[in-house]
Amino acid sequence: MALNPVLGKLVSKRVVLASASPRRQEILTNVGLRFEVVPSWFKETLEKSSFAAPYEYAVETAKQKALEVANRMHVKHLRTPDIVIGADTIVSVDEQILEKPVDKQDAYRMLSRLSGKEHSVFTGVAIIHCSSKGNQLETEITDFYEETKVKFSDLSEELLWEYIHSGEPMDKAGGYGIQALGGMLVEYVHGDFLNVVGFPLNHFCKKLAELYYPPPKHTVQHIKHDSIPSVDTFENLSDGESESSNFTEHKGAKKLNSSSMCPSRPVYNCENSSSVRTDSMVPLGNQNGASESAAKLPSKIVDLMDGFKASKALFVASKLKVFDYLKTKGPLKAVDVANEVGTSVCGTERLLDACVALGLLEKTSQGYSNTDSANTYLTSDGEYSLHGYIIHSNDHLWPLFTNLESAVREGSRQNHRAFGRKAEDLFKDYYHSQEVKQRFMAAMHSIAHLTARDVATAFDLSQFKSTCDLGGCTGALAHELIQIYPNMKVTVFDLPEVIANISYFQPSEQCAAPVTFLSGDFFKDNLPEADLYILSRILHDWPDERIHVLLSKISAVCKPGSALLVAEIVLDEQKTHPARAVLQSLSMTEGKQRSGSEYKQLLEKYGFTDVQIKITGTLLDAVLCFKKNLSP
Ligand SMILES: Cc1cn([C@H]2C[C@H](O)[C@@H](COP(=O)(O)OP(=O)(O)OP(=O)(O)O)O2)c(=O)[nH]c1=O
C-alpha cells in the first residue's frame, strides 16, 4: 500500500481528531498526519444491551464522538472541518463490554476478569467528511472496526494490585495499557497492536485508500447521506423519542438543520444495525473544490522544509523545562506556564500550540498537559529522559549545523564559527568548561541509558566474566550489563575529568555488584584487563590514525578468545541509510560512519575474527568479534 500518497490526500484538508487520547494523537502524528485535536464531549453512555455485537457499540460511539465535534465546530465556531476522525476502544470478554475503569475497585474487577483468558479489543473508527451548504452541515460517514485478540497470563493478587496502584489502568479500556507496564501481563497478541493502543492505523490507511483511490465505479456501492442528525451530549433525553428518531437515522439520509440542535439518543435495532454500516461510502471528490488533477503536494519535502522549526520548538520547550512543569503541575493554561517559566504569554501560547501540533502535548479545556511520551522522554527526570541530548542538540549541534554550508564548502568542523574556538581535540572542546562538560555528559548519558538494553542483549555475553567499557562515561551501559549478567564484573574506563563527575548519574538503588570506574586516557594509558572490551559510540568520532592506536592497544591486551563489542549505527552497504548516521556525519568530525563490511575489514586488520553484526533496528547496532587464537 502506498502510504504516503494516501495520507498526502489529507494534507490540504482541515483534519480534526475528535479524541483526547494521547495515544491516538501520537499514532497519527508519527505517520506525519497533520490535524487539530478537538476532544469530543459525547458521553459514552449508549445502552450496551441494545447492540447485537460489542463492535457495533464501539463503532456507534466512535461515530457519535466525531459527529458531536463536527456539529459543535460548525454551529458554535462556524469553522467546518473537512474531516473529523472519531474512535472508541473497548475490551470485550465473555460477551461483556469493558470501558475505562471508574476507580481502583473497578480496575480490579476488570483485570481479574481478564486474568488467564483471551479477550478481544475492538476499536471502532468513524471518518466523517464534512461540508457546509448554506447554514447546513452535510456529512458523509465511513466507519469500520478492527479486532485484536489479547491473552493475559494468570495474574496474582499482588501483581494485580501493584499494577493498579501504578495508576496506569485508569484512563484505559479494560484497565490496562499494553504499550507500557500492562505489556507485562500479556501472553500473546493476535492482530494489530496499535488497535489495542487505541487506533487501528493499518485499517485506517486502507480505508483512506479505498476512499481516495476507489475501484472502478461498477464495483463501488455509493451511498450518500444528505446530512446527519445533530448530536449533543445525550444527557437529558427521553428514550421513547430517541428510539423512533434513530430508527430512521439507520436507514440513511436525513437532513440536518444545524441551527436547530435536535438531540437524539441513538439506539440500535439489531436487525437494522448492518444498514448503518457505511464502509463503502465514497466522498464526492475533493470538498474544497480543487481539481483532482492539481499537482500533488510533496508532503515529504514540505515536512523537511518545516523540520527545523519543529526541532527548534522541541528544543526551546525542553530548555524552558515546559515538560517538567506540566508533569508536576499540569494541566496548565498558557498564562500559568508563562508565569512558571518567565516568558511572554503570547509567545508561550504559540509554543505550546506548536507542541500540541507536533504531538508532544495535549490540549483540553483545562489547559495543556504532557503526552505519555513527553513524560517518559522529555522531562528531565523521565525514565528514559532525552532531555540531556536535546539540550546538547540545541546548544552544541544547532550552532554547528547553522554553519553547515561553510562546513560543506570547507570540509571541516565549524567550531570556530559556531563557538569562537577551534575543535583542536574533540573532547577538549567539550570539557573546556564545567557547564559544557556536564551538558555533554548528560547528553551521552541519555542516549547510553536509552540504548543500553539493546546493546547489552544484542549478543549473549554471559560467557564473559570481566568487561571493560572504554569511554563508558557515566556507566549507563555498565549498569545494564550487570543487571542482565549478574556474574559479570564491569569496569568503566574514561578520562579523569569524566570520572570526577559521574556521581550525579548513578542509579539510586545500589546494584549488588557495583561498577568500577577507572580514570585514564585510552589512547595513552594501559588498559585494564578484561575478557570483553566495549567501544560504544567511540569509533565514529575519531580519525583513522587515532583508531589505529586504539585498536592496536586493545588487540595487544586482548587474550586469545577474548572479545571486542563495538556499538555504532551500522550503515548499509551503499552507505546512505540509516539517515540518522548519515546526518550525524554532517557535523564533520574527523571520524566517519561505516558499513558492516567496513567494520569487519577494520576489526580483522587488528587480529579480530568471527565478526558478527547485529542490526538491532533501534538506535544502535552491535558488532562482536573475537581475538584470534594463536596458531598452533
Ligand atoms: C486496551 C488498551 C486501551 N488503551 C486506551 C486507548 C484509548 O485511549 C482508551 C479507551 O478509551 P476511549 O474512550 O476509546 O478513548 P479516550 O477516552 O482515551 O479518548 P476519546 O474518548 O477522547 O477519544 O484506552 C490503551 O492505551 N492501551 C491498551 O492496551
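Counting convention: from 1, in listed order, for ligands and their atoms alike. Hydrogens, waters and symmetry mates are skipped; everything else that's a heavy atom, side chains included, is used. Predicted model, so just to flag it, every value in this text is computed and none were measured.
A side-chain donor-acceptor contact under 3.5 Å links Glu168 and Tyr163.
When each atom of ligand 1 is checked for a heavy atom of Gln179 under 4.0 Å away, the hits are 25 (C), 26 (O), 27 (N), 28 (C), 29 (O). The ligand atoms of ligand 1 that sit less than 4.0 angstrom from a heavy atom of Gly177 are 27 (N), 28 (C), 29 (O). Atoms of ligand 1 lying under 4.0 Å from any heavy atom of Ile178, numbered from 1 in the order shown and given with element: 27 (N), 28 (C), 29 (O). Atom numbering of ligand 1 starts at 1 in the shown order; those under 4.0 Å from a heavy atom of Asp88 are 12 (P), 13 (O), 14 (O). Atom numbering of ligand 1 starts at 1 in the shown order; those under 4.0 Å from a heavy atom of Lys65 are 12 (P), 13 (O), 14 (O), 15 (O), 20 (P), 21 (O), 23 (O). Per-residue contacts place Glu44 under 4.0 angstrom from the following atoms of ligand 1 (heavy atoms of the residue considered): 13 (O), 21 (O).
Proximity of a side-chain donor or acceptor of Thr348 to a complementary backbone N or O of Ala338 within less than 3.5 Å is not detected. A donor-acceptor pair under 3.5 Å is formed between the side chain of Asn195 and the backbone N or O of Glu146. Of the possible polar contacts, none joining the Asn375 side chain to the Lys327 backbone as a donor-acceptor pair under 3.5 Å is found. A donor-acceptor pair under 3.5 Å is absent between the side-chain atoms of Ser385 and the main chain of Asp381, judged by distance alone. Of the possible polar contacts, one joining the Thr328 side chain to the Asp324 backbone as a donor-acceptor pair under 3.5 Å is found.
Summary of contacts: the protein heavy atom closest to atom 18 (O) of ligand 1 is Ser21 CB, 3.4 Å. Closest protein heavy atom to atom 6 (C) of ligand 1: Val197 O, 3.3 Å. Closest to atom 1 (C) of ligand 1, if we only count protein heavy atoms, is Ala173 O, 3.3 Å. Among protein heavy atoms, the minimum distance from atom 22 (O) of ligand 1 is reached at Ala20 N, 2.7 Å.
Heavy atoms from other residues, nucleotides or ligands lying under 6.0 Å from CZ of Arg350 number 12 at most. For Arg113, the CZ atom is densely surrounded, since the number of other residues' heavy atoms within 6.0 Å is greater than 12. Dense packing is recorded around CD of Glu187, with more than 12 heavy atoms of other residues, nucleotides or ligands lying under 6.0 Å away. In this structure, Phe35 places its CZ atom where more than 12 heavy-atom neighbours from other residues, nucleotides or ligands lie under 6.0 Å away.
Taking only nitrogen or oxygen atoms, main chain and side chain alike, Ser40 does not reach within less than 3.5 Å of ligand 1. Residue-to-ligand polar distances keep Gly198 apart from ligand 1: every N/O pair is separated by 3.5 Å or more. The shortest N or O to N or O distance between Val91 and ligand 1 is not below 3.5 Å.
Counting heavy atoms under 4.0 Å from ligand 1, residue Lys172 touches it through both backbone and side chain. Counting heavy atoms closer than 4.0 Å to ligand 1, residue Asp171 contributes backbone atoms (N, CA, C, O) but none from C-beta onward.
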Pair Glu26-Arg23, salt bridge (Lys or Arg N to Asp or Glu O under 4.0 Å): steps then yes or no | CA-CA 5 Å; Glu26 199 168 342; Arg23 277 82 50 177; over 6 Å; no
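For the salt bridge (charged side-chain N to carboxylate O under 4.0 Å, His left out) criterion with Asp88, the lone passing option out of Lys65, Lys100, Arg24 is Lys65.
Looking at Lys43, Arg23, Lys100, Glu99 and measuring to atom 16 (P) of ligand 1, the nearest heavy atom belongs to Lys100. Distances from atom 4 (N) of ligand 1 to the heavy atoms of Thr61, Val196, Val38, Thr89 put Val196 nearest.
Residue contacts with ligand 1 leave out Pro39, since none of its heavy atoms falls under 4.0 Å from the ligand. Look at Arg24 and you'll find a heavy atom under 4.0 Å from some atom of ligand 1.
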